[in-house]
Number of protein chains: 2
Amino acid sequence: MTESRSERKRRANGEESRRRILDAAAEVAGVRGYDGTSIALVSEKCGLPASSIYWHFKNKDDLIAAVIERSFDIWADALTLPGDDTDPARERVTALAGQVAKTLLDSPDFLRLGLMLTLERRPEEPSARRMFLQVRDVARARLAAVLAMLAPDADRDAIDLVATYAIAGADGLFIAKEIGGDSVDLRPLFDLHARALHDALTRLTAGGQATEIS
Amino acid sequence: MTESRSERKRRANGEESRRRILDAAAEVAGVRGYDGTSIALVSEKCGLPASSIYWHFKNKDDLIAAVIERSFDIWADALTLPGDDTDPARERVTALAGQVAKTLLDSPDFLRLGLMLTLERRPEEPSARRMFLQVRDVARARLAAVLAMLAPDADRDAIDLVATYAIAGADGLFIAKEIGGDSVDLRPLFDLHARALHDALTRLTAGGQATEIS
DNA sequence: GCATTAATGTAATGAGCGTTACAGTTGTAG
DNA sequence: CTACAACTGTAACGCTCATTACATTAATGC
């Protein structure tokens, strides 16, 4: 167990094959959803036979869960609060919203797949769905922490409410972009959203006057 | 129509069969999506054989499109502006948001299916998807008209922006509810949304400029 | 050299899919 | 009664699906 594993794996192109399979699966699943993603299609797209896919992954469920897992970092990075503490809160919220918007535009496959997994309900829940919801909850907690930092006096319920609303807005705007395509300009919409979040945060700050957060 | 008694409707009753098929299809498709909806499942759920389904509908695509078409009224009714002109605009927007929230809670299958159809992209677009987007656009136009009435001074672009944001928020909150279930209380969230919409409207009406951000 | 392990290639399995063919049944019209 | 149209029932078609069995190649350890 303690011997160097990196040496062993170099025998063939296993590592790169795995990556190619995941790339192909992410592309297909992000466009066609869970059911619409067939092993044959992924196989064709990555140039490797089905047996290779089943060598690297237990089954289709495992494959798509791995796609979700690998893509989490994209989300995670978009949720770091930009600027520093001397900047006004509203600008920082707006910048954060802009980051999220950019992420959605740059790699829409991940969220599209996640939302499809979220909406579908089948008798046996795919582990990919569970994985997405888990990852999404991490993102939510992180966002709540950011909001709590921006409004230190707000109570936890208020923060949670605004965080939920923030994510809901992002989801909805993503869908609007999916539908409208080029006719939808996300920037003013996310500005609107950032403004709404900031206002809500200010308003919901409990009891004592909100410490000047703007 | 009822020239004869109960004997008339004994066997050859296609109208009710059609309704039963549509009910079953709406239920299945609203939960499992387009691909997940098999004719066999719908057949089992409505108690009629597959041949009956194919007698009433051209094919699966036609069936699901019919499901979408039939459910439009639910949406349409939710988008009539409550109250009268003497009521303050903010209350009316809040009431409207409440209506939409109630609709989403009462019959979530329709929107769930619609959003799944929206997100999925396959080589041949299902006519059900086209139908949903068309219906959704009607709803959007109607909402824009309501907003224009509430803010007569705002220009058309601003109204469209707010309408898009309004629908995006509703979509996102619906998804939040789908994920969170009972732990998500939609009421304060939709109040928050209504407030955001109202603020955006007044801001656009008063200033003439959307925002000065960025 | 040989054995072992990682990975690929080939081919098949059985199940479920959408769809159709077609015979059977029932209400209505002539 | 017969004829016919509106359905329903049974059974199959061809196809794709996820998955597996198994032979094969290539790189490593001994």
Side-chain angles (χ1 to χ4, degrees), chain A residues 1-22 24-25 28-29 32-67 120 122-128, chain B residues 1-22 24-25 28-29 32-67 120 122-128:
Chain A
M1 300 299 184
T2 52
E3 50 192 324
S4 124
R5 191 165 291 175
S6 54
E7 206 103 47
R8 281 201 166 195
K9 288 244 171 190
R10 298 195 62 174
R11 297 199 171 169
N13 295 357
E15 209 57 36
E16 191 195 327
S17 292
R18 194 189 140 95
R19 195 182 49 76
R20 274 167 57 195
I21 294 169
L22 280 174
V28 174
R32 315 201 26 171
Y34 188 94
D35 281 313
T37 300
S38 73
I39 299 295
L41 204 58
V42 174
S43 164
E44 183 192 346
K45 203 126 202 161
C46 70
L48 290 167
S51 57
S52 288
I53 298 179
Y54 277 92
W55 194 90
H56 286 282
F57 303 94
K58 196 161 107 296
N59 51 28
K60 175 175 162 176
D61 200 38
D62 188 41
L63 168 62
I64 299 192
V67 167
E120 279 178 36
R122 69 192 68 232
E124 296 184 27
E125 178 184 40
S127 47
Chain B
M1 295 300 172
T2 52
E3 43 193 343
S4 193
R5 306 198 219 305
S6 54
E7 299 244 318
R8 186 183 191 277
K9 290 212 161 187
R10 252 190 78 188
R11 253 316 187 166
N13 194 347
E15 209 55 38
E16 192 195 326
S17 292
R18 194 188 139 95
R19 196 183 48 76
R20 274 168 56 195
I21 294 169
L22 280 175
V28 174
R32 315 201 26 169
Y34 188 94
D35 281 312
T37 300
S38 73
I39 299 295
L41 204 58
V42 174
S43 163
E44 184 191 345
K45 203 126 204 159
C46 70
L48 290 167
S51 58
S52 289
I53 299 180
Y54 278 92
W55 194 91
H56 286 282
F57 303 93
K58 200 161 104 300
N59 50 30
K60 174 175 164 176
D61 201 36
D62 188 41
L63 168 63
I64 298 191
V67 167
E120 280 179 35
R122 70 192 69 229
E124 297 182 27
E125 180 185 40
S127 48

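Just so we're on the same page: letters track the sequence lines, and every chain starts at 1. Just so we're clear, the structure is a prediction, and the values are computed from it rather than from any experiment.
Using modelled atom types, one finds a donor on one side chain and an acceptor on the other under 3.5 Å when comparing Asp61(A) with Tyr34(A).
Of the candidate nucleotides dT19(C), dT8(C), dT10(D), dT19(C) has the atom nearest to the side chain of Lys60(B). Closest to the side chain of Ser51(A), out of dT10(C), dT8(D), dG18(C), is dT10(C). Of all nucleotides listed (dC7(D), dA6(C), dC17(C)), dC17(C) comes nearest to the side chain of Ala40(B). Of the listed nucleotides (dG18(C), dA18(D), dT8(D)), dG18(C) has the atom at the smallest distance from the side chain of Ile39(B). When the nucleotides dT19(D), dC17(D), dT19(C) are ranked by their closest atom to the side chain of Tyr54(A), dT19(D) comes out on top.
For dT8(C), one of the phosphate oxygens OP1 or OP2 lies less than 4.0 angstrom from a side-chain nitrogen or oxygen of His56(A). For dC17(D), the OP1/OP2 oxygens have a side-chain nitrogen or oxygen of Ser38(A) closer than 4.0 Å. Side-chain nitrogen and oxygen atoms of Ser17(A) include none within less than 4.0 Å of the OP1 or OP2 phosphate oxygen of dA7(C).
Across the protein-nucleic acid pair, Ile53(B) atom CD1 and dT10(D) atom C1' stand 15 Å apart, rounded to whole Å. Across the protein-nucleic acid pair, Asp35(B) atom CG and dG16(C) atom P stand 17 Å apart, rounded to whole Å. Atom pair Asn59(A):CG and dC17(D):P shows a separation of 17 Å (rounding to whole Å applied). The nearest whole Å value for the distance from the CZ atom in Arg18(B) to the P atom in dA6(D) is 15 Å. dG27(C) atom C1' lies 16 Å from atom CD of Glu16(B), rounded to whole Å. Going from atom CD of Glu15(B) over to atom P of dC7(D) covers 8 Å, rounded to whole Å. Spacing between atom CH2 of Trp55(B) and atom P of dG9(D) amounts to 14 Å, rounded to whole angstrom units. Taking atom CZ of residue Arg32(B) and atom C1' of nucleotide dC17(C), one finds them 13 Å apart after rounding to whole Å.
Summarising the geometry, atom OG belonging to Ser127(B) is positioned 7.0 Å from atom NZ belonging to Lys58(B); distances are rounded to the nearest 0.5 Å.
Atom CD of Glu44(A) has 12 or fewer neighbouring heavy atoms from other residues, nucleotides or ligands inside a 6.0 Å radius.
Counting any heavy atom pair closer than 4.0 Å across all strands shown, Ser43(B) reaches no nucleic acid atom.
A donor-acceptor distance shorter than 3.5 angstrom exists from the side chain of Ser17(A) to the backbone of Asn13(A), with no hydrogens or angles considered.
Just one residue in the list Val67(B), Ile53(B), Leu48(B) forms a side-chain contact (heavy atoms from CB on, under 4.5 Å) with Val42(B), and that residue is Ile53(B).
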